[in-house]
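All chains are named by letter (A, B, ...) in the order of the sequence lines, taking the proteins before the strands, and each is independently numbered beginning at 1. Since the model is a prediction, treat every value here as computed from it, not as a measurement.
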Amino acid sequence: MGAGAPRPPFLRRKMRQTVDRVEMRGIVKRFPGVVANDRVDFDVRAGEIHALLGENGAGKSTLMKILYGMYQPDEGEILVNGKRVRFRSPLDAIRAGIGMVHQHFMLVEPFTVAENVALGLPSSRRFVNDLDRVSARIRELAETYGFKVDPRAYIWQLSVGEQQRVEILKVLYRGASVLILDEPTAVLTPQEVEGLFRTLRHMREEGHAIVFISHKLNEVLSISDRITVLRGGQVVGTVPAAEATRTGLARMMVGREVVFRLERPEVEPGEVMLEIRDLWAMGDRGVPALRGVNLEVRAGEIVGLAGVSGNGQRELAEVIVGLRRPQRGAVRIGKTDVTGWPPAALIGLGLSYIPEERIRDGGVPEFSVEDNLVLKDHPFPPFSQGIFLNFPEMAHYADRLIKDFDIRTPSRRTPLKSLSGGNIQKLILARELSRSPKVLIAAQPTRGLDISATEYVRRRILEQREKGTATLLISDDLDEILSLSDRIAVIYEGRIMGVVKSEEADIEELGLMMAGVESR
Amino acid sequence: MSDRVRSRQYAGLLIHLTPLFAVLLAFFVGALMLVGLGVNPGTAFKSLLQGAFGNLNAIADTIVKMTPLLFVGLGICISFRGGVLNIGGEGQLVVGALAATAIALAGKGFPGWLLATVALVTGALAGAVWGGIAGFLKAYLNVNEILSTIMLNYIAVYGMNYLLRGPMMDPLQVKLGFFIPQTARLPRAVDLPRLVPTRLHLGALIAILVAIFVYVFLWRTTIGFRIRTVGMSRRAALASGINVRRYTVLGLLLAGLFAGLGGAVEVLGVHHRMFTDGTAFGFTGGAGFNGIVAALFGRLHPLGTIPSSFLFGALLTGANKMQRVVQVPSALIVALNGLIVLFVVGSEVIRRRRLRRLEKLTIVEEEI
Ligand SMILES: Nc1ncnc2c1ncn2[C@@H]1O[C@H](COP(=O)(O)OP(=O)(O)OP(=O)(O)O)[C@@H](O)[C@H]1O
Ligand SMILES: [Mg+2]
């Protein structure tokens, strides 16, 4: 190689044709038992943010996976700049300048950020030598778009929000001019959402075309230029954001009026059911994530744990449910000291858990809906007799939960992994709430749910409160915490900054505590 | 429209036939090698088929060869489904066989059926201990099970060599001064009954019953459910209250149990004594490894493992005959066996990928 050796191919700024307009026409996609997309027309232009709305299972992700070349449509066509194209795989789509950030991340956990970014690149044969340059470019991009990311950090060390940023970086790195974001804000804190929106607006000005999927109507209204609503795989309509309203959109999505208010009857709290005393635990990165947490939740009470994500919420939940060892302190359920107990024993005591990472902790993707619904209770009657599983009972129970919780699935034998994101969440909720729990740890229970499902889940959690369940509600969504909780605890850097009654809560004050200012 | 449906069904059928193509391809490459050696491949393969299926005796021999593969393969179904890779079939066969031999020799004079049963059970338990050790090491000390099972294979072989050259050696050998490393012949009362007047013995039937048992165990019991859950997602298993360590141990323990039973059956049904040529292969004929392939070929399904073990059993018996008839070096037989394994495993990867694509994507007709 002579002087001026060529830069590695993936760093060369390839002159891509810029995308002015992407169109999908008459897209039909069938899966066994469902028509996920039914003659869908959709288009997005350079310099606009086009939001895609719809209930869980409406077909949003499917439509975007078709645009990204992951699925082949049964019918219909895709046009880029008016020219008909066919994407046989995501590689084709990436080459055409289309990038996608998935609802469920697709990162390699044992790899670093830089390795993950370099990994999927079509022609990065020599990336091992060039990780430094990749890292430098990552820092550059992160700076431009206002992210904080350490290129040398391992994925498994990152919070969900941070992993999300890596996914976005991956797409930006490839210089995509069409960016598809499938529920990007579901895992972000309000501050992070603001940051993301700044980035997106910046990108819009630079002439990117952006597709944005979200269930949060406020976000959709504030960021997008046009909004397309899907219902049951069909387009209900496309409207300019300027002319849309929350209630109007909700009606389009659900097909009926949606109530945004919740009934919260008075419940006299009972005995302390969950008690946490001076709890210390390490985080994954080897620094203490919990530094002396004290908290109690009474029967019939919902305590909301508010805080910027990454301040120990996940670790606290994991210690309580037995997935992480505490270093010091005690956890009591009822009168029993359960510190360090394995999950099995805790489940036996009536502890239910809605994990934040539903796919990883909440179920087995390859197992059927039915098997996942009895994942915890299969060793007990009526689901088994002796060591034999009782299939008719399992089927009966599964069918009932599918109906009660409105889990959209072709059948109970469908594997969990082919359900839409929101329906996976509904399944986990169904399993956990139907066990009549004494104590419920609910981490981000409505993340990724559509408005009617959110309404439904919140009602179920309140119902559970009336039945005397002690609930610890961990949520990044302050509105959710305010509308459900009896008391609100704020966590900051592994410590509880203060606990306030929710009637007396003051958003300003909560915000200060979340930023680390002690309460009065 | 219906064209598309048909083309999809057609593609589906083809995908399921890939393993068959793989075997044919392996034979084709094998044929090239035979030609290279100056042997007429037609004659060679004809003798192979005859050796495997030519007459009642041949079929019986094929089934006899199938039996240990099936036992090992069934254990593999359980452990692989439980997310642990058991490479210890050889060692587990050996310890099972040794334990059964010791019991059968020690219990001379007891009623045959009783002694045989006790010997089989002891063999199974010895295998279970051998597998269980690896399971314990993995679950509690985080020792990689591939390494530990391979190490345990060595330990089993050296233990066998020591015992057969020492304490367990046939007293007659010692008296005559031949010192062949083998035990005395087991009492005839413990010989497994013959099913037809061939070498076919009761062991094959036991193996098939065990296959049905394993099927029921994996898919109809809570324990099987848990093993499969652990195999699919340790994290989700843990979170749903499954004692992941216990089921890790159990997976390897059961793999060892069935392999150990297989070893005991080999002794009581085929060899009627324990012997060694210094390696595990001398006794097992590689069943501890071929059983893994048989299980994979049977898609880790206990019932699928029956026909696939039968296929590999046929290959082994047929190859013997072929070697005798066309006088090719035995290395070629090993090579052919290896080729089939390679192609089948390779085709399995392709088949899965295609199947996944077929599930996900609709096959689209070529445009224009
Ligand atoms: N790979 C697949 N196999 C079978 N069915 C699938 C598959 N992917 C999606 N589906 C089905 O297609 C429908 C649409 O799913 P999709 O994931 O597009 O919904 P969504 O609008 O993204 O919902 P959510 O808001 O819950 O993410 C659902 O009924 C789902 O069960
Ligand atoms: Mg989706």
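In this structure, no portion of A/Tyr353 lies under 4.5 Å from any heavy atom of chain B. Residue contact with chain B, scored on non-hydrogen atoms closer than 4.5 Å, involves the backbone and the side chain of A/Leu375 alike. The contact between A/Pro379 and chain B is made by backbone and side chain atoms together, counting heavy-atom distances below 4.5 Å. Using a 4.5 Å cut-off between heavy atoms, A/Glu318 contacts chain B through its side chain alone, with no backbone atom that close. For chain B, the nearby parts of A/Asp371 are the backbone and the side chain; heavy atoms of each come within less than 4.5 Å.
Under a cut-off of 6.0 angstrom, the local environment of OH in A/Tyr154 is sparse, with at most 12 non-hydrogen atoms contributed by other residues, nucleotides or ligands.
Between chain B and the residues A/Asn390, A/Asp377, A/Leu323, A/Val321, the largest count of heavy-atom pairs under 4.5 Å involves A/Leu323.
Applying a 4.5 Å heavy-atom cutoff, the residues of residues 211-219 of chain B that approach chain A are B/Val216, B/Trp219. The interface of residues 223-245 of chain B with chain A, defined by heavy-atom distances below 4.5 Å, comprises B/Ile223, B/Phe225, B/Arg226, B/Arg228, B/Thr229, B/Met232, B/Ser233, B/Arg235, B/Ala236, B/Leu238, B/Ala239, B/Ser240, B/Gly241.
Evaluation of the side-chain hydrogen bond (donor to acceptor under 3.5 Å, both in side chains) rule for A/Glu77 yields A/Arg25, A/Arg84 as partners, not counting sequence neighbours. Among residues two or more places apart in sequence or in another chain, the salt bridge (Lys or Arg N to Asp or Glu O under 4.0 Å) test is passed with B/Glu145 by B/Lys138.
The OG1 atom of B/Thr222 lies 13.5 Å from the CZ atom of A/Phe383; values are rounded to the nearest 0.5 Å.
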